[in-house]
Amino acid sequence: MTILYYDCFSGISGDMNLGAMIDLGVDPEWLKSELARLNLPGWNLEVGSGQRHGITGTRVDVVQTVHEHVHRHLSDIAGIIMQSNLGDEVKNLSMKIFTVIAEAEAHVHDVPVEKIHFHEVGAIDAIIDIVGAAICYHHFNPDRVIISPVELGGGLVKCAHGTLPVPAPATAEIVRNLKVKFNGVDFEATTPTGAAILSVLAGKSASVESPMRALKFGYGIGHREHPDVPNILRVFIAETEEIVNTGHEALLIECNIDDMNPELWDHVTGRLFAAGAADVFLTNIMMKKGRPGITLSVICEKGAETKILETIFTETTTIGLRTTTFLKNTLIRKQVNLNTPYGEIRFKLSYLGDRLVSSKPEAEDCKAAATRTGVPLKEVYARLNNCCLDSKPE
């Protein structure tokens with residue numbers, strides 16, 4: 001089982017996370033090309049080496065090349081991300097992170113989520129940080145993410161609302177379910193963006209009883225100086241030798257609907273994924289009085305049901321839901337990049353223990369290959385599905 005371990009002894013920010021991911025092995029040029037699929041002008045990603053207290057790592061700066069005078073709402077952010085050419089997994093994870101920030105700001109300021117307008121986190125650099133985090137996460141595609149106690153820092157921080165105590169109120173709201181530490185350093189060690197990245201990835205966190213074997217370390221260099229504590233985010237890839245039982249309890253939330261405009265379903269589905277759904281599917285049914293209807297089924301992890309229920313009640317016409325607890329078993333899933341006749345293609349591999357039981361090429365990569373080469377998509381699939389994939393999970 002592959003572990004992505006976040007060692008946040010000096011906090012986390014969006015740029016520190018990108019630095020650690022690149023230091024861990026993400027190709028910076030590939031990352032830039034993926035981020036370019038946002039079709040968002042006005043930025044440049046500067047990547048270089050940095051050092052704190054004798055420790056060398058990667059420092060990332062998102063440099064805005066245009067000066068913005070806009071305050072974006074969550075709907076504006078969603079428009080940029082969901083209309084981009086990024087894969088659906090990256091889009092959904094990015095929106096989950098932004099939604100966490102929006103809900104924290106809404107709670108702090110006591111206003112509806114849709115009326116929150118982002119200041120710092122609506123800027124181009126925050127969009128790049130958050131979408132970049134989603135891209136890097138899906139690049140490594142770990143089985144588990146484990147997060148150390150997070151250093152929040154101390155002192156005061158200047159932001160759009162004035163000078164506030166550390167952690168800033170939105171950050172404090174976001175980290176409510178994380179283990180945290182205070183005053184290890186005298187500055188804002190964890191930003192709202194960094195906190196939101198951890199909060200969403202923590203939904204996949206789990207303790208591992210067996211010892212881990214560390215495979216590779218990455219160091220993201222921060223922009224702060226401290227005489228005692230290096231401003232560094234350390235992330236490492238590790239693995240456990242035992243095959244962990246992947247069965248766990250999850251929730252199935254369902255309702256039957258026969259009076260809703262079908263044009264709304266695409267929007268509802270996107271909102272549910274943004275709210276934390278692991279899967280959403282629709283089933284045609286016949287309801288009373290011979291009326292055709294839809295069963296909306298949502299699978300989610302325990303702890304995500306509050307947002308899911310709120311989304312269903314506010315976005316659909318249902319007046320009642322049924323929730324069932326069930327045992328969810330999954331295969332161990334990996335993602336690898338392979339060189340093929342159509343260039344580098346991502347493959348999703350599924351293992352039962354150390355035995356490969358299924359493999360498939362990434363749909364978005366197949367579509368891009370078909371468009372690029374002029375080969376029919378079904379031929380691309382047929383040829384790539386014959387690729388020999390017999391490696392064990394790494």
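For the numbers below, each heavy atom of this structure counts, side chains included, while hydrogens, waters and symmetry mates do not.
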Requested in this report: Output the distance between atom CZ (Arg59) and atom CG (Asn231), rounded to the nearest 0.5 Å.
Outcome: 9.5 Å

Requested in this report: Could you tell me whether Asp143 and Lys334 make a salt bridge, using a distance below 4.0 angstrom between a side-chain N and a carboxylate O?
Outcome: yes

Query raised in the report: Taking the side chain as C-beta and beyond, is there a heavy-atom pair between Phe98 and Ile81 under 4.5 Å?
Result: yes

Query raised in the report: Does any N or O in the side chain of Glu151 come within less than 3.5 Å of the main-chain N or O of Gly184, such that one atom is a donor and the other an acceptor?
Result: yes

**Report entry** Closest heavy-atom pair and its distance - Ile345, Pro361
**Finding:** CG2-CB, 4.1 Å

Query raised in the report: Can you hop from Val200 to Met82 via hydrophobic side chains spaced under 4.5 Å?
Result: yes

Query raised in the report: What are the two closest heavy atoms between Ala133 and Asn17, and how far apart are they?
Result: CB-ND2, 3.4 Å

Query raised in the report: Is Arg224 salt-bridged to Glu188, going by a charged N under 4.0 Å from an acidic O?
Result: no

Query - pair Asn256-Arg322: side-chain heavy atoms closer than 4.5 Å - result: yes

**Report entry** Approximate separation, where rounding is to 0.5 Å, of Ile308 CD1 and Arg271 CZ
**Finding:** 10.5 Å

Query raised in the report: Looking at Leu233 and Cys8, what are the two nearest heavy atoms and their distance?
Result: CD1-SG, 3.9 Å

Report task. Please confirm whether the backbone N or O of Pro167 pairs with a side-chain atom of Thr171, one donor and one acceptor, at under 3.5 Å? Result -> no

Report task. Give, for atom CD1 of Ile80 and atom CZ of Arg72, the distance between the pair rounded to the nearest 0.5 Å. Result -> 4.5 Å

Requested in this report: List the steps and the verdict of side-chain contact (heavy atoms from CB on, under 4.5 Å) for Leu384 and Tyr342.
Outcome: CA-CA 9 Å; Leu384 292 179; Tyr342 304 107; 3.9 Å; yes

Query raised in the report: Do side-chain atoms of Asp23 reach the backbone of Tyr219 as a donor and acceptor pair under 3.5 angstrom?
Result: yes

Query raised in the report: Got a sec, which residues hit ring-ring contact (aromatic ring centres under 6.0 Å, His included) with Phe182, two or more places apart in sequence or on another chain?
Result: none

Requested in this report: Check for a donor-acceptor pair, side chain of Ser359 on one end and backbone N or O of Leu349 on the other, with a separation under 3.5 Å.
Outcome: no

Query raised in the report: For the residue pair Ser199 and Val100, what are the closest heavy atoms and their distance?
Result: OG-CG1, 4.2 Å

**Report entry** Ring geometry between Phe236 and Tyr5 (parallel below 30°, tilted from 30 to 60°, perpendicular above 60°)
**Finding:** parallel

Query raised in the report: Are Phe273 and Leu264 grouped together when hydrophobic residues (ILVMFWY) are joined by side-chain heavy atoms under 4.5 angstrom apart?
Result: yes

Query - Gap between atom OG1 of Thr58 and atom CD1 of Ile22 - 0.5 Å precision - result: 6.5 Å

Report summary line: Taken to the nearest 0.5 Å, the spacing of Ile147 CD1 from Ile12 CD1 works out to 8.0 Å

Requested in this report: Check for a donor-acceptor pair, side chain of Glu29 on one end and backbone N or O of Asp27 on the other, with a separation under 3.5 Å.
Outcome: no

Requested in this report: Taking atom types as modelled, find out whether Thr65 and Asn44 have a side-chain donor-acceptor pair closer than 3.5 angstrom.
Outcome: no

**Report entry** Same cluster (ILVMFWY, side-chain, under 4.5 Å), Ile299 and Phe313
**Finding:** no

Query raised in the report: When you measure from the side chain of Asn92 to the backbone N and O of Asp88, does any donor-acceptor pair fall under 3.5 Å?
Result: yes

Query - Atom of Ala126, atom of Thr193 and distance for their closest heavy-atom approach - result: CB-OG1, 4.4 Å

Query raised in the report: Going through the checks in order, is the salt bridge (Lys or Arg N to Asp or Glu O under 4.0 Å) test met by Glu310 and Lys307?
Result: CA-CA 5 Å; Glu310 180 183 356; Lys307 295 179 183 177; over 6 Å; no

Query raised in the report: Going by heavy atoms in the side chains, are Phe140 and Met21 under 4.5 Å from each other?
Result: yes

Query raised in the report: Quick one: does His53's side chain have a donor or acceptor within less than 3.5 Å of a partner on His226's backbone?
Result: yes

Requested in this report: Treat each ILVMFWY residue as a node, draw an edge where side-chain heavy atoms are under 4.5 Å apart, and state whether Ile294 and Leu252 are in one component.
Outcome: no

Requested in this report: Say whether Leu251 and Leu272 are linked into one hydrophobic cluster, either directly or through other cluster members, by side-chain heavy-atom distances under 4.5 angstrom.
Outcome: no

Query raised in the report: When you check the gap from the basic side-chain N to the acidic O, do Lys367 and Asp365 get nearer than 4.0 Å?
Result: no

**Report entry** Side-chain donor/acceptor of Lys96 to backbone N/O of Ala274, under 3.5 Å
**Finding:** no

Query raised in the report: Does the side chain of Leu356 reach to within under 4.5 Å of the side chain of Ser350, using non-hydrogen atoms?
Result: no

Query raised in the report: Does any non-hydrogen side-chain atom of Pro142 lie less than 4.5 Å from one of Tyr137?
Result: yes

Query - Interatomic spacing from CG in Leu38 to OG in Ser84 - rounded to 0.5 Å - result: 5.0 Å

Report summary line: So the salt bridge (Lys or Arg N to Asp or Glu O under 4.0 Å) pairs with at least one residue in residues 163-184 (sequence neighbours excluded) are Glu173-Arg176

Query raised in the report: Are there more than 12 heavy atoms of other residues, nucleotides or ligands under 6.0 Å from atom CG of Asp266?
Result: no

Query - Check: Thr2/Glu239 side-chain N/O donor and acceptor closer than 3.5 Å - result: no

**Report entry** Sidechain-backbone polar pair: Ser33 side chain, Trp30 backbone, donor-acceptor under 3.5 Å
**Finding:** yes

Requested in this report: Would you indicate whether the side-chain heavy atoms of Pro292 and Asn284 approach each other to under 4.5 Å?
Outcome: no

**Report entry** Side-chain heavy atoms of Asn337 within contact of His139, under 4.5 Å
**Finding:** yes

**Report entry** Any side-chain heavy-atom pair of Pro169 and Leu164 under 4.5 Å
**Finding:** yes

Query raised in the report: Which is it for Arg346 and Glu364 under the salt bridge (Lys or Arg N to Asp or Glu O under 4.0 Å) test, yes or no, and what are the steps along the way?
Result: CA-CA 9 Å; Arg346 291 172 294 173; Glu364 296 297 328; over 6 Å; no

Query raised in the report: Between Ala102 and Val113, what is the shortest heavy-atom contact and its length?
Result: CB-CG1, 3.9 Å

Report task. Can you tell me which residue pairs pass the salt bridge (Lys or Arg N to Asp or Glu O under 4.0 Å) test with a partner in residues 2-20, sequence neighbours excluded? Result -> Asp7-Arg234

Query raised in the report: Any luck finding a side-chain donor-acceptor pair between His267 and Glu315 under 3.5 Å?
Result: yes

Report task. Please report the C-alpha distance between Glu249 and Lys328 in whole Å, then the side-chain angles of each, then the deciding distance to 0.1 Å, and finally whether the salt bridge (Lys or Arg N to Asp or Glu O under 4.0 Å) criterion is met. Result -> CA-CA 6 Å; Glu249 287 190 343; Lys328 181 179 179 182; over 6 Å; no

Report task. Indicate whether the side chain of Glu103 and that of His107 have a donor and an acceptor atom separated by less than 3.5 Å. Result -> no

Requested in this report: Applying side-chain contact (heavy atoms from CB on, under 4.5 Å) between Leu296 and each of Leu321, Thr283, Thr318, Leu282, report the one that passes.
Outcome: Leu282

Query raised in the report: Leu45 and side-chain contact (heavy atoms from CB on, under 4.5 Å): which partner among Asp61, Val63, Asp125, Val62?
Result: Val62

**Report entry** Side chain Arg52, main chain Pro230, donor-acceptor under 3.5 Å
**Finding:** no

Report task. May I ask you to decide whether Glu46 forms a salt bridge with Lys32, counting only side-chain N to carboxylate O separations under 4.0 Å? Result -> no

**Report entry** Test side-chain contact (heavy atoms from CB on, under 4.5 Å) applied to Ser297 and Val280, step by step
**Finding:** CA-CA 6 Å; Ser297 302; Val280 180; over 6 Å; no

